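Taking it in order: structure first as structure tokens, then the write-up.
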Amino acid sequence: MAKLSHLKYRKPTTRQSQSDAGRRHLLCRSVMQWLARQAPPPDVLAVDVPTSMGGDKADLAALWMGQESRGGHKYLLPRRSALVVCAISREECYAASINPAALIEELRHLRKQMHLLEEKIRKEEPQLRDERCLFEEFAEWNYENSQNPLYQATLQRAAEIEHILYRGTRMDRIQRNAAANTLYLAIPEGTVFVDEVMLQWGVITVDPDGEVRLARSPEEQSPAPRTLQHLALQAAVRNSNYVCAGFGIPSPGERHRRKSPGTRKKPQPHTHPAPTR
């Protein structure tokens, strides 16, 4: 796989920021290698990909393409996508709040309690099982429709804490853009507890040697086909910029970027030279 020799971040201003930039670079590189080894491997890999027009960027994007026949012609279209946010600190995963440590601890306790209550619900309310799943290990349950009052109260309190912790973060905004089938948070090993992370996100941990482990699988999402196509085009634009940088030429966006109206020179009135006698 090609090396990420042109992966750039904001210019560091201190030794600490230089160290952080290097850690983030290695984290992204390790996860990209892990994505490339998936079966089947993605057809497209890109970095710093906007998830909407003017929206937040995912550190990594992977797309799996498929063919579709229309009018006797075959077209390549995106079928699946995955977005990865790489965080090197715990603070990057949460919104600013008065006491995040206490809220995180309460949320972990609530989620453990919910798991215990869900075991009870499976026994007492079997009608909540999705009958479309043939195998028990893959069964899905509509726990939110449970009549258990303690579960509903626990679920509501957990939702309140999640709103405080995650609302407005980059992960929250990317999730609301609904641009991918799966979302992943990549973090150095030991940075956060897996059960602290937003439930819809998969969790990838990377140890100091660059070994990658899928600590939690993500929930499957269903983005609109047009949204997948938009993401594929954004990935193409980003990759074009890196290809141009690799050859030492300006990217197409830089060559055709117009000057802002405030920087344009005003046209000078045309004057005729005075007639000579």
Side-chain angles (χ1 to χ4, degrees), residues 1-7 25-53 55-87 132-135 137-138 140 170-187 194 197-206 210-243 246:
M1 186 183 69
K3 295 182 179 179
L4 300 181
S5 56
H6 301 290
L7 185 60
H25 177 96
L26 293 175
L27 182 65
C28 289
R29 188 177 187 276
S30 298
V31 176
M32 181 172 277
Q33 289 178 327
W34 176 80
L35 285 169
R37 291 195 297 263
Q38 298 304 300
D43 299 290
V44 178
L45 286 171
V47 298
D48 296 335
V49 180
T51 58
S52 63
M53 292 299 297
D56 291 271
K57 294 179 180 178
D59 294 295
L60 298 172
L63 292 111
W64 288 260
M65 312 297 285
Q67 290 187 357
E68 183 173 314
S69 297
R70 293 179 183 175
H73 299 280
K74 290 184 178 180
Y75 297 91
L76 200 61
L77 296 173
R79 297 301 188 194
R80 288 187 54 78
S81 64
L83 295 176
V84 183
V85 168
C86 297
R132 292 174 296 178
C133 299
L134 299 178
F135 302 100
E137 58 269 25
F138 301 113
E140 295 184 1
R170 180 162 66 121
M171 292 173 62
D172 174 61
R173 293 191 296 268
I174 288 176
Q175 179 176 308
R176 285 188 279 118
N177 286 335
N181 296 91
T182 51
L183 301 169
Y184 295 91
L185 171 67
I187 51 176
V194 172
V197 180
M198 298 172 68
L199 289 176
Q200 295 82 356
W201 289 67
V203 180
I204 299 170
T205 61
V206 182
E211 290 296 322
V212 177
R213 183 177 72 89
L214 180 61
R216 187 178 76 190
S217 297
E219 291 186 5
E220 190 75 15
Q221 311 294 324
S222 299
R226 184 172 296 180
T227 305
L228 282 176
Q229 293 177 20
H230 177 79
L231 183 66
L233 291 173
Q234 291 280 26
V237 171
R238 296 303 300 170
N239 282 342
S240 175
N241 293 340
Y242 283 105
V243 169

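These numbers come from the heavy atoms of this one structure, side chains and all, not from hydrogens, waters or symmetry mates. Positions are given from 1, in the same order as the sequence printed here. Just so it is clear, the structure is predicted and the values come from calculations on it, not from any experiment.
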*Check Val212, Val206, Asp59 against Leu27 for a side-chain contact (heavy atoms from CB on, under 4.5 Å) and give me the one that passes.*
Val206

*Evaluate the criterion side-chain contact (heavy atoms from CB on, under 4.5 Å) for residue pair Ile174 and Lys57; output intermediate values, then yes/no.*
CA-CA 8 Å; Ile174 288 176; Lys57 294 179 180 178; over 6 Å; no

*What is the distance from atom CD of Gln175 to atom CG of Leu199, rounded to the nearest 0.5 Å?*
9.5 Å

*Close side-chain approach of Ile187 to Thr205, heavy-atom, < 4.5 Å*: yes

_For a 4.5 angstrom cut-off between non-hydrogen side-chain atoms, does Leu35 reach Val84?_
yes

*For Trp201 and Glu219, run side-chain hydrogen bond (donor to acceptor under 3.5 Å, both in side chains): C-alpha distance rounded to whole Å, both residues' side-chain angles, the deciding distance at 0.1 Å, then the answer.*
CA-CA 6 Å; Trp201 289 67; Glu219 291 186 5; over 6 Å; no

*Which value, rounded to the nearest 0.5 Å, describes the distance between His25 atom NE2 and Cys86 atom SG?*
11.5 Å

*Does a side-chain heavy-atom distance below 4.5 Å link Tyr184 with Val203?*
no

*Let me see the working for Arg238 and Gln234 under side-chain contact (heavy atoms from CB on, under 4.5 Å), right down to the final yes or no.*
CA-CA 6 Å; Arg238 296 303 300 170; Gln234 291 280 26; 5.5 Å; no

*asked:* Are Gln200 and Met171 packed together at the side-chain level, in the sense that at least one heavy-atom pair is separated by less than 4.5 angstrom?
replied: no

_How long is the straight-line distance from CZ of Arg170 back to OG1 of Thr51, given to the nearest 0.5 Å?_
9.5 Å

_Any side-chain heavy-atom pair of Leu231 and Val49 under 4.5 Å_ = yes

_Between Glu211 and Arg213, does any NZ, NE, NH1 or NH2 come within less than 4.0 Å of an OD or OE carboxylate oxygen?_
no

*Any Glu68 side-chain heavy atom under 4.5 Å of Lys74 side chain*: no

*Do the side chains of Met65 and Leu77 get nearer than 4.5 Å, heavy atoms only?*
no

*asked:* Using the side chain to side chain contact (heavy atoms under 4.5 Å, CB included) criterion, which residues pair with Leu228? Sequence neighbours excluded.
replied: Pro78, Ser81, Asn181, Pro223

*Could you tell me which non-hydrogen atom of Leu185 sits nearest to which non-hydrogen atom of Ala87, and how far apart they are?*
CD1-CB, 3.9 Å

